Amino acid sequence: MANENTAKSGHQKTAAGRRLSKIMFNDYMNLHQKAGEGAFVVWMAIVVPAELFSGFENVVYGVPESHAAMSAGKGVGPLQCEKAEKMGYSMDLCSYARIDLGTAFDGGKDSPTMGLPKPHLIVSNNNNCSLLVKWFDIYHRTWGVPHFILDVPFCYEPQNARDLDYIVTQYRDLIRTIENLSGQTFNIERVREALENTRDALANWKRFLKTAASRPAGLTAFDSFVQMAPYLTSRGTKTLADHYRLLAEEAEDNIAKGIYPVPNERYRLLWDNIAPWHQLSRMSSRLASLDVNLISASYTYCIGTVEGELDLFAYDGGDPLVYLARMQNSSICPHGMSLRFRAMRRAIEDWGVDGVIFASNRSCKVYSIMQMDMLKRVTNELGIPAVMIDVDHADMRKYSEEQSFTRIEALLEVIDARRKEAKLS
Amino acid sequence: MKNIMDNIKRLKDQGRKVIGCFPLYPPLELFHSMGLAPVTLWGLRDSLPRVAESDRHIQPYACSVARRLMEFLLKENSSALDGLFMYNACDTLRNLPEIIDCGLADAGRPPLPIFKMHIPAVPPDQTDSRPYLRASIEGLIGELEKTCNVTFAPDKFRRSVSLYREMRELSKMLFASVADGSMSYGEFSRIVTEGWFIPVEDQLLVLQSALRDNFRKKTKPSPESPRVVVSGILPPPLPMIRDLENAGITVVGNDVASQNRALHYSPPAVDDPAEYYIDFYHHHYPCTTLLHSADRRLPAIRKLVSDTGARGVVFVGEKFCEYEYFEFPYLEQILKEMGIRALLLDISLDDDENTAAYTTRIETFAELMHSTV
Ligand code: SF4
Ligand code: SF4
């Protein structure tokens, strides 16, 4: 969010932004330090329920996708990608994977966080995407590190009991695996506590996102992109719960004071796909200069919900493993088109969206291969104009700003034309 | 395309209900035993050069397998099918069922029943996925019985298992004819690919006849001929096979998903389909697409190369297939350590008409191999 001085820039550092930097810095420092002191290190996919690791005394975790996003945001994405490409990895592979392989096999060089400490266990999860399993297999083969695959059935509809039981069985095996490898004992009560923190954090995350409903909106999707980072590295902590409470309060407070990130907001757009990490600043400024606010994104409104919903799916104090298994169906990638469409319809209706930008991302097929029909459904069934632009989330070599903005400007013209028509009629 | 459609039409004329299956390893025996006719929807490459209909639904950075599959279904051909079956595969395919629904609706055609199943991706020594797979198979049988008005019978299942087992064994024998030089790889590829679209009983007749012919003309390849293993999801396109043959290369080992990985293992016949498929998937020949088989894959490739005495491996890369492309650099390294040459040929949809680039690379590869045989 911005204050009055920074309005129009769309995306500036605020108190919450400064606090975020501190949290991220501490998370990575802590990870390296504890690893150096002998903690058991796990590398995990973003949708692995990190709260499980709180059940152990001394297990820390690194998140390659999150690290890759940060690297892209800091401008070293292409450099790390090129290192992977030189090793023979195709440029068509997901840019997160290429950044991570480039970083890991170069010992963390050029990384904003010195990379990640070497893992004792790698945990992948195929419901965000299956390629992640292949990517993590490379470390398993090269370094001989055990690789645990969480196998989560894709959700075309709400999770059934058979799938839920299957996931819980795997969590038990994961816990046993860590106990055996680390010599530590698992304590479910600690997971319960972590889930209470997660519940509070997510409730405030939702509160923060809802400030999109205000006109002008109280946030930009770019704020939500950067602010989701600690959800991946600090899950289950009090720090995260406190941070998201302050974040929501700050957003609401700003609205009360009449401070908006895009004060002359004329176009309220929704973004569909992963954040364009290398463009956050440029894109938000350029959009703001056109009086456009990206008020929401499917990438961040899915956090804390399940299967096509927009509301929080909160921890109810029951069996932590059952809740976490249910939460495997949060995040957008594991959702089929009907579920995604249902959530998008609500976001459009609840928050007053004028148009949708579908960012077609060749790195992330699981997110993108369905967008052509999603676009048609948004246009035909909801009557909302939409465009498709090509954006790789982490490899800026595959992005053309001019081409993208030509299309976005065409979308704005359609919105204008419709408004004119509506006025006339 | 005409052949495929003629075959499907013939099945329909016989009163069979046809189920289009994807991706690579559907439970064919089960469908067959229930009186359904499964056709595996791969091998569409040589019959569908353009994908204009698919392009209205899927971005061009999806692999050609997915785009052709979509094209096939949207080009009126879905009306010849009574249903589709799919299991979880890659990140592209898992989005397809709902895109297919949209495509059919756009074309004003009725929806097709799509049977979906999740095949566990966990290694057996990590998690016991047998109860889950059992429930999935039983669920599928229930759905088929309800939707297609068919019934499951253990004795029929045993019979189907025997037929498919025989088909797999004969296919392997036929490939042995390629390796010993008595049959061209192109001819083998054609026979196996066409087999996916005809009933297993007919497939057996074709294989038996081809084997009889080969037996009569048994010859040995020249000892100077470079010996290679071919690997990939799909076999090389026909022009590439011609290039390999023109360059004097002998294909002595096969790691192509549709020509070996799918045919390699048949469990013994049992009455219980769940037990059968637990065995089938757990012990399946390792494939890049079967995530649980990853640890067995490298030893399998090593063994294939040493058993066949191959001096090179030609990877037919299905462009945009992450499953395959994440493995290439690693495999290349392993092969290098074994003193084996590797050639990676990217095949995208557009490359089928633009074969000159890989002709030169195959010739160079063959020359290098000649100089080291
Ligand atoms: S393909 Fe998509 S979901 Fe998978 S790791 Fe890459 S960005 Fe994430
Ligand atoms: S070739 Fe690869 S990407 Fe294409 S459908 Fe098969 S597994 Fe998926």
Side-chain angles (χ1 to χ4, degrees), chain A residues 84 87-90 92-94 97 101 124 126 128-135 137-138 140-142 146-154 156 162-163 165-166 169-170 172-174 177 333-334 336-338 341 360-374 376-377 388 390, chain B residues 55-63 66 88-99 101-103 106 114 116-123 126-129 131-132 135-136 139 288-289 291-292 294-295 297-298 317 319-330 332-334 344 346:
Chain A
M87 289 188 289
Y89 292 99
S90 161
D92 293 324
L93 294 171
C94 167
L101 292 165
S124 64
N126 62 354
N128 229 23
C129 71
S130 309
L131 77 77
L132 217 137
V133 182
K134 306 298 289 185
W135 155 15
D137 252 343
I138 295 168
H140 166 57
R141 287 172 174 175
T142 314
H147 178 186
F148 192 99
I149 303 172
L150 269 175
D151 176 33
V152 179
F154 189 69
Y156 298 99
R162 187 201 306 164
D163 290 351
D165 287 350
Y166 178 48
T169 305
Q170 293 178 68
R172 296 213 169 94
D173 291 335
L174 175 59
T177 302
C333 289
M337 192 193 309
S338 318
F341 182 69
S360 175
N361 178 350
R362 63 169 52 214
S363 257
C364 186
K365 301 193 175 55
V366 79
Y367 211 135
S368 309
I369 305 249
M370 77 158 65
Q371 285 179 313
M372 293 174 81
D373 283 300
M374 277 287 280
K376 279 181 223 151
R377 291 187 69 175
M388 190 168 288
D390 287 311
Chain B
D55 283 350
R56 297 172 55 222
H57 298 272
I58 304 182
Q59 290 96 326
Y61 51 76
C63 73
N88 51 304
C90 60
D91 300 331
T92 297
L93 286 190
R94 75 188 197 180
N95 284 319
L96 239 51
E98 287 168 301
I99 302 177
D101 282 344
C102 287
D106 273 5
I114 305 185
K116 304 186 202 88
M117 191 171 98
H118 182 84
I119 293 175
V122 289
Q126 176 196 295
T127 295
D128 181 6
S129 59
Y132 182 81
S136 301
T288 48
T289 68
L291 301 175
H292 68 266
D295 281 352
R297 177 130 176 89
L298 299 180
K319 198 165 164 64
F320 305 120
C321 177
E322 285 113 350
Y323 278 156
E324 292 273 297
Y325 276 82
F326 268 111
E327 283 205 346
F328 290 143
Y330 197 78
E332 209 174 358
Q333 185 58 33
I334 301 277
L344 169 60
D346 275 326

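Please read these numbers as outputs of a predicted model, since none were measured by experiment. Chain A is the first sequence line, chain B the second, and so forth, proteins listed ahead of strands; every chain is numbered from 1.
When each of B:P123, B:G317, B:S136 is scored by its heavy-atom pairs under 4.5 Å with chain A, the top score falls to B:S136. The candidate from A:P146, A:S130, A:A97, A:C129 with the greatest count of non-hydrogen atom pairs under 4.5 Å with chain B is A:S130. For the options A:R172, A:R362, A:R377, heavy-atom pairs under 4.5 Å to chain B are most numerous at A:R362. Each of A:P153, A:G88, A:S90, A:C364 has some count of heavy-atom pairs under 4.5 Å with chain B, and the biggest count is that of A:P153.
Neither the backbone nor the side chain of B:D101 comes within less than 4.5 Å of any heavy atom in chain A. Of the atoms belonging to A:T142, heavy atoms from both backbone and side chain fall under 4.5 Å from chain B. Proximity to chain B (any heavy atom under 4.5 Å) is shown, for A:M374, by neither the backbone nor the side chain. Contact annotation for A:N126: both backbone and side-chain heavy atoms come within less than 4.5 Å of a heavy atom of chain B. Contact of A:M370 with chain B is made through backbone and side chain together, with heavy-atom distances under 4.5 Å. Contacts between A:S368 and chain B at a heavy-atom distance below 4.5 Å involve backbone atoms as well as side-chain atoms. Proximity to chain A is limited to the side chain of B:P97, based on heavy atoms less than 4.5 angstrom apart. Within the 4.5 angstrom heavy-atom criterion, atoms from both the backbone and the side chain of A:D163 approach chain B. Within the 4.5 angstrom heavy-atom criterion, only backbone atoms of A:H147 (N, CA, C, O) approach chain B. Heavy atoms of B:A66 lying under 4.5 Å from chain A are absent altogether. Proximity to chain B (any heavy atom under 4.5 Å) is shown, for A:L174, by neither the backbone nor the side chain. With a 4.5 angstrom heavy-atom cutoff, B:Y325 touches chain A via backbone and side-chain atoms both.
By the side-chain contact (heavy atoms from CB on, under 4.5 Å) test, B:D128 pairs with B:R130, B:P131, sequence neighbours left out.
Ionic pairing of B:R297 and B:E327 is present here: one or more N-O contacts between side-chain nitrogen and carboxylate oxygen are shorter than 4.0 angstrom.
Under the 30°/60° scheme for interplanar angles, the aromatic rings of A:Y89 and B:F326 are found to be tilted.
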Quiz item: Given the rule in the salt bridge (charged side-chain N to carboxylate O under 4.0 Å, His left out) test, do A:K376 and A:D373 qualify, once you have shown the distances and angles that lead to the verdict?
Solution: CA-CA 5 Å; A:K376 279 181 223 151; A:D373 283 300; 3.4 Å; yes

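Side-chain atoms of A:Y166 and B:S129, non-hydrogen and from C-beta on, do get closer than 4.5 Å to each other. Residues B:K116 and B:N88 fail the side-chain proximity criterion, which asks for heavy atoms closer than 4.5 Å.
Judged by distance alone, the side chain of B:E324 and the main-chain N or O of B:T288 form no donor-acceptor pair under 3.5 Å.
From B:R94, atom CZ reaches atom CD1 of A:I369 across 11.5 Å, with rounding to the nearest 0.5 Å. A distance of 13.0 Å separates OG1 of B:T127 from OH of B:Y132, quoted to the nearest 0.5 Å.
Smallest separation of non-hydrogen atoms from B:A89 and B:Y323: O-OH, 3.0 Å.
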